[in-house]
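I have placed the structure first, in the form of structure tokens, so that the comments after it can refer back to it.
When reading the values below, keep in mind they use all heavy atoms of this one structure, side chains included, and skip hydrogens, waters and symmetry mates.
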Amino acid sequence: MILPATPDDCAVLIVGAGPSGLALALTLTHHGIRCRVVDERTGPDEAPRAMVVQARTLELYRQLGFAERLVEHGVKVDVLELSEDGEAPFQVLLGDIASGTSPYPFLLCIPQRDHERLLATRLAELGVEVEWNSELSDLYLLDDAVEATLVGPAEEQRFNVRYLCGCDGAHSRIRTLAGIDGRADDSRSFYVAEVRLADDSLGHTLRFELGQQKIDMLLPHPVAGLRQLVGTLDESSESPLEPETLRPRLERIAGGSIERIERIDRYRTRSSIADRFSHGHLLLVGDAAHQHSPLAGQGMNTGIGDAINLGWKLAAVLEGRADESLLESYTEERRGVAKALEATSDRLFEGALDHGLKGRLLRSFLVPHLVPFLSGFPKLRRTLFQTLSQTRIEYRRSPLSAGLAGEVHGGDRLPWVSIDDSDEDNFATLDGLRWQLHVYGTPKMSLVVAAAALGLELELFDWNDSARLAGLKRDACYLIRPDGHVALASPSQDVLALKRYVDWYGLSFG
């Protein structure tokens with residue numbers, strides 16, 4: 001018997017309780033949308049996994065009231081070290097290169113298991129519990145819903161749900177059941193280890209070392225004395241890892257004696273992107289849609305970005321505040337981000353492992369010579385942080401993006417601006433993931449009247465040097481999406497352009 005979807009049932013079924021699935025549930029719940037989160041595992045994974053949380057992720061979490069909880073349990077990385085095969089490392093001070101770009105001018109390191117636990121705790125506080133030991137065994141796409149078969153600890157359930165979101169990882173069963181294909185590069189083998197150092201004097205430093213066909217990364221850990229290490233493994237061997245065999249290599253990158261190897265695992269991953277991120281009322285999120293090199297610290301953050309991008313759009317459609325066509329922008333925007341990441345950091349790390357001339361040039365010239373030289377230019381230093389932190393992600397080619405005012409295009413992340421003589425910033429108004437209008441300077445009365453008629457919040461900021469340096473235009477109008485990206489940039493506060501934009505997507509506010 002198929003149970004129909006009713007107002008009392010969840011509107012969205014989320015399959016997979018990793019960071020992407022939990023972030024999606026948090027976004028939907030924040031908007032008052034009922035959802036279920038199911039996972040076939042018996043409980044959270046305790047193995048070491050992704051460790052780095054980027055500034056853009058923290059900015060999005062801040063809008064959900066979750067960022068500070070994560071920061072409190074993590075450790076801020078303030079120094080990056082880059083070296084080539086044992087040479088003296090080159091240091092990048094993040095505080096210097098990130099100044100004036102984000103309220104979070106650092107990388108945050110926190111084990112994925114702790115990250116997930118904090119997300120699940122917050123969801124439980126909001127009344128959403130993860131349903132473990134629950135496997136989606138089958139699905140059928142309907143015109144306006146998805147029929148799902150869920151096998152749980154006690155019984156099998158068949159029911160219809162408005163939207164089904166596959167957040168079930170690189171080996172996604174949802175992607176397979178939906179028949180969504182994708183292109184993938186050859187997989188690569190990695191180790192991930194958690195070690196206790198005999199003498200940890202590195203402080204909050206994240207270290208990269210490039211060697212002959214190998215890359216190692218050492219990350220700080222919130223627990224004193226612990227470090228996480230990630231690196232490539234010899235592709236010619238698939239035998240089980242012998243921790244003591246790998247110890248000299250781990251101690252080399254750690255720069256000292258390892259007292260104990262707490263845990264070490266081998267896993268394989270590949271750079272891949274699904275042909276599409278949606279099929280009817282089924283949507284793919286995170287690793288189910290795309291995978292990337294773990295050495296770039298981007299994969300998990302990109303999945304969380306997927307989740308929040310999709311979450312506010314699903315909420316708007318389910319609340320009747322936007323046409324369903326709004327969801328078409330999800331694939332266009334987020335698949336574009338995945339393709340850009342594949343073309344940059346994924347290709348860079350693969351190139352460094354190349355056996356030929358390209359690899360030797362990257363290892364011998366780019367890291368020890370070119371990177372230090374380029375980092376001497378302030379604008380390039382800022383670009384480095386913006387790229388690494390994902391604050392440079394933009395959706396200029398999205399159908400949701402229009403206009404240009406100052407240096408800010410429709411689709412750009414709203415630039416961060418500090419308020420004079422205070423600890424406040426313009427991101428404070430973004431809390432809550434709501435549509436809003438920003439004017440940095442003086443609003444026209446016609447804009448004030450139009451915003452009131454639309455039920456659209458109008459946020460006014462005094463013009464200052466911070467706004468000018470951020471590339472904003474004085475007295476321009478910026479329509480801000482719930483995820484903090486600029487939807488429409490109007491240098492003249494064009495009310496007709498604003499109304500046309502709102503009508504095009506059937507948006508309503510209030």
Side-chain angles (χ1 to χ4, degrees), residues 20 23-24 27 54-61 63 101-102 273-274 276-278 283-286 289-290 292 298-299 301-317 322-345 383 386-416 426-427 430 433-438 470-473 476-491 497-498 500-502 504-507:
S20 299
L24 176 57
T27 307
Q54 302 289 358
R56 183 59 184 147
T57 301
L58 291 173
E59 291 174 358
L60 293 167
Y61 275 160
Q63 294 184 249
T101 61
S102 171
I273 302 178
R276 50 185 169 166
F277 288 9
S278 63
L283 302 114
L284 300 178
V285 180
H290 51 90
H292 307 279
Q298 303 289 313
N301 292 273
T302 307
I304 293 169
D306 293 348
I308 295 175
N309 183 292
L310 176 61
W312 73 261
K313 294 172 182 176
L314 274 176
V317 171
D323 293 338
E324 196 167 39
S325 60
L326 178 70
L327 293 175
E328 295 173 6
S329 66
Y330 167 65
T331 287
E332 185 156 353
E333 291 181 354
R334 297 308 298 177
R335 194 168 187 275
V337 170
K339 288 174 68 177
L341 183 56
E342 177 190 52
T344 53
S345 63
T383 300
Q386 289 173 329
T387 303
L388 181 67
S389 66
Q390 298 199 344
T391 57
R392 206 180 184 199
I393 286 175
E394 44 83 7
Y395 306 130
R396 293 182 182 180
R397 297 183 181 180
S398 168
L400 296 185
S401 304
L404 167 66
E407 299 174 18
V408 178
H409 294 252
D412 288 354
R413 159 190 167 270
L414 176 69
W416 179 69
N426 63 331
F427 278 21
L430 303 180
L433 280 85
R434 303 178 304 276
W435 286 89
Q436 54 193 259
L437 281 169
H438 281 205
L472 294 163
K473 179 177 174 59
C477 168
Y478 300 92
L479 176 63
I480 310 302
R481 303 171 7 164
D483 58 1
H485 281 262
V486 176
L488 171 67
S490 172
L498 173 63
R500 283 196 300 268
Y501 185 98
V502 170
W504 182 261
Y505 284 101
L507 300 174

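Panel note: side chain S401, backbone R397; no donor-acceptor pair is recorded below 3.5 Å. Checked by atom type and distance alone, the side chain of D306 pairs as donor or acceptor with a backbone atom of G286 at under 3.5 Å. Side-chain N or O atoms of E333 include none that pairs as donor or acceptor with a backbone N or O of P399 at under 3.5 Å. In this structure a side-chain-to-backbone donor-acceptor pair under 3.5 Å is present from Q63 to L430.
Here the CG atom belonging to L327 is positioned 7.0 Å from the CG atom belonging to L310, to the nearest 0.5 angstrom. Between K313 atom NZ and D483 atom CG the span is 7.0 Å, to the nearest 0.5 Å. Atoms CG and OG, from N309 and S329 in turn, are 6.5 Å apart once rounded to the nearest 0.5 Å. The OH atom of Y501 lies 13.0 Å from the OG atom of S490; values are rounded to the nearest 0.5 Å. Here R335 contributes atom CZ and H290 contributes atom NE2; the two are 10.5 Å apart, rounded to the nearest 0.5 Å. Separating the CG atom in L400 from the CG atom in L326 is a distance of 5.5 Å, to the nearest 0.5 Å.
Take H485 and apply the ring-ring contact (aromatic ring centres under 6.0 Å, His included) test, not counting sequence neighbours, and it matches Y395. Remark: Y478 engages no residue in a ring-ring contact (aromatic ring centres under 6.0 Å, His included) (not counting sequence neighbours).
Side-chain atoms of R413 and T391, non-hydrogen and from C-beta on, do get closer than 4.5 Å to each other. The shortest side-chain heavy-atom distance between T302 and R334 falls under the 4.5 Å cut-off. Considering only heavy atoms from C-beta on, L414 stays 4.5 Å or farther from R481 through its side chain. Contact check for C477 versus L437: side-chain heavy atoms found under the 4.5 Å cut-off. Using a 4.5 Å cut-off on side-chain heavy atoms (C-beta onward), L60 and I304 make no contact. Using a 4.5 Å cut-off on side-chain heavy atoms (C-beta onward), R392 and T383 make contact.
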Show, in sequence, the C-alpha distance, side-chain angles and deciding distance for Y330 and L314, and conclude whether the side-chain contact (heavy atoms from CB on, under 4.5 Å) test is met. CA-CA 10 Å; Y330 167 65; L314 274 176; over 6 Å; no
Working for side-chain contact (heavy atoms from CB on, under 4.5 Å), residues L388 and Q54: CA-CA 8 Å; L388 181 67; Q54 302 289 358; 4.3 Å; yes
Working for side-chain contact (heavy atoms from CB on, under 4.5 Å), residues H409 and V486: CA-CA 7 Å; H409 294 252; V486 176; over 6 Å; no
When you look at L472 and H438, which way does the side-chain contact (heavy atoms from CB on, under 4.5 Å) test go after all the steps? CA-CA 11 Å; L472 294 163; H438 281 205; over 6 Å; no
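Shortest non-hydrogen contact noted between V317 and D323 is CG2-O, 3.6 Å. A pairwise comparison of heavy atoms in A405 and A476 identifies CB-CB, 3.8 Å as the closest pair. The minimum heavy-atom distance between P415 and F427, with the atom names listed, is O-CE1, 3.7 Å. Taking every heavy atom of both residues into account, A322 and L507 meet most closely at CB-CD2, 3.8 Å. Nearest heavy-atom pair across A470 and V408 is O-CG2, 4.5 Å. Between D412 and E394 the shortest heavy-atom distance is OD1-CB, 3.5 Å.
Q386 and T101 share no side-chain donor-acceptor pair at under 3.5 Å.
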